[in-house]
Amino acid sequence: MTRTKPHLLLFALFGMTSYPTWGSEYASELASELIAMAEADQQVRSTQPVDVAHVLSTDAAHSSRLSAIMAASGWPRVSVVGKPAADAAALLALHADRAPQVQRQALALMLPLLGSGEVDARKYAYLWDRTHSPQRYGTQGSCVGQRWYPDEIEEAPQVDSRRAAAGLGTLSEYVEAGSEVCAPAGAID
């Protein structure tokens, strides 16, 4: 007995006669678009002085477009758009702070892809922490004096095992690196 593959059954039920055009020109155009949006994201953040209104309008436009992409095509997978474009999508989701529904949509689409190589678990960890309190991975925090401290972490004793599973270094290593950003140039502890 031959079994019908579920995706073929869906195509038949909805009158589709061929696979979506992921592997074609669409994937290439989508990859280029995601990378261009991420470059624009970084450009508006690196211009001095930072034009906050421009950053917010750029984030709003990117959040809207990323939401439309996810609704139409799901999460931009590494095997479809390539790692640079998949990472670009994660950056855009991370900066969608004023569109938390877009961030939740991204997390929901990324979750089933963890461990498959289709999404970077580190990017998922940063986005998860950015959208939850307490956080799980200890990626969000702030400077107090010349030292960086993570915001509240759920089940803090297990944070390093969660960080390792996501491909992140230890929390103490992260705190040290964060503290270097907090300290003024030339300062000695």
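Atom CD of Gln158 sits about 11.0 Å away from atom CD1 of Ile153, to the nearest 0.5 Å. For the atom pair CG of Leu168 and OH of Tyr126, the computed distance is 6.0 Å after rounding to the nearest 0.5 Å. In this structure, CG on Leu34 lies 12.0 Å from CG on Asp41, to the nearest 0.5 angstrom. Taken to the nearest 0.5 Å, the CG atom of Leu91 stands 11.0 Å off from the CD atom of Glu39.
Between Gln103 and Asp97 the shortest side-chain heavy-atom distance falls below 4.5 Å. Within the 4.5 Å cutoff, the side chain of Pro150 has no heavy atoms near those of the Tyr174 side chain. Looking at Arg130 and Gln140, their side chains come closer than 4.5 Å, going by heavy atoms from C-beta outward. Two residues are said to be in side-chain contact when any heavy atoms from C-beta on lie closer than 4.5 Å; Lys123 and Asp87 meet this criterion.
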Below 3.5 Å, can you tabulate the donor-acceptor pairs from side chains in residues 48-58 to any protein atom, sequence neighbours excluded?
| from | atom 1 | to | atom 2 | distance (Å) |
| --- | --- | --- | --- | --- |
| Asp51 | OD1 | Ala53 | N | 3.3 |
| Asp51 | OD1 | His54 | N | 3.2 |
| Ser57 | OG | Ala53 | O | 3.4 |
| Ser57 | OG | His54 | O | 3.1 |
| Thr58 | OG1 | His54 | O | 2.8 |

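No salt bridge links Asp129 with Arg136; every basic N to acidic carboxylate O contact stays at or beyond 4.0 Å. Between Glu176 and Arg147, at least one side-chain nitrogen of the basic residue sits less than 4.0 Å from a carboxylate oxygen of the acidic one, meeting the salt-bridge criterion.
For Arg122, the CZ atom sits in a loose shell: 12 or fewer heavy atoms of surrounding residues, nucleotides or ligands are nearer than 6.0 Å. At most 12 heavy atoms of other shown residues, nucleotides or ligands fall within 6.0 angstrom of atom CZ in Arg98.
Among all heavy-atom pairs drawn from Trp148 and Gly138, the shortest one is CH2-O, 3.5 Å. Residue Val102 comes nearest to Ser67 through the heavy atom pair CG2-CB, 3.8 Å, listed as atom of the first residue, atom of the second, then distance. The shortest heavy-atom contact between Glu118 and Ser79 is OE2-OG, 2.7 Å.
There is no side-chain donor-acceptor pair under 3.5 Å between Asp59 and His95. One side chain, Ser73 or Tyr26, offers a donor N or O that lies under 3.5 Å from an acceptor on the other.
Shown here are the side-chain contact (heavy atoms from CB on, under 4.5 Å) partners of Arg65, two or more places apart in sequence or in another chain: Glu33, Met37, Ala68, Ile69.
Annotation: disulfide (SG to SG under 2.5 Å) contacts involving residues 106-161, sequence neighbours excluded, comprise Cys143-Cys182.
Tested against Leu111 for a side-chain contact (heavy atoms from CB on, under 4.5 Å), the candidates Leu107, Leu114, Leu113 yield a single pass: Leu114.
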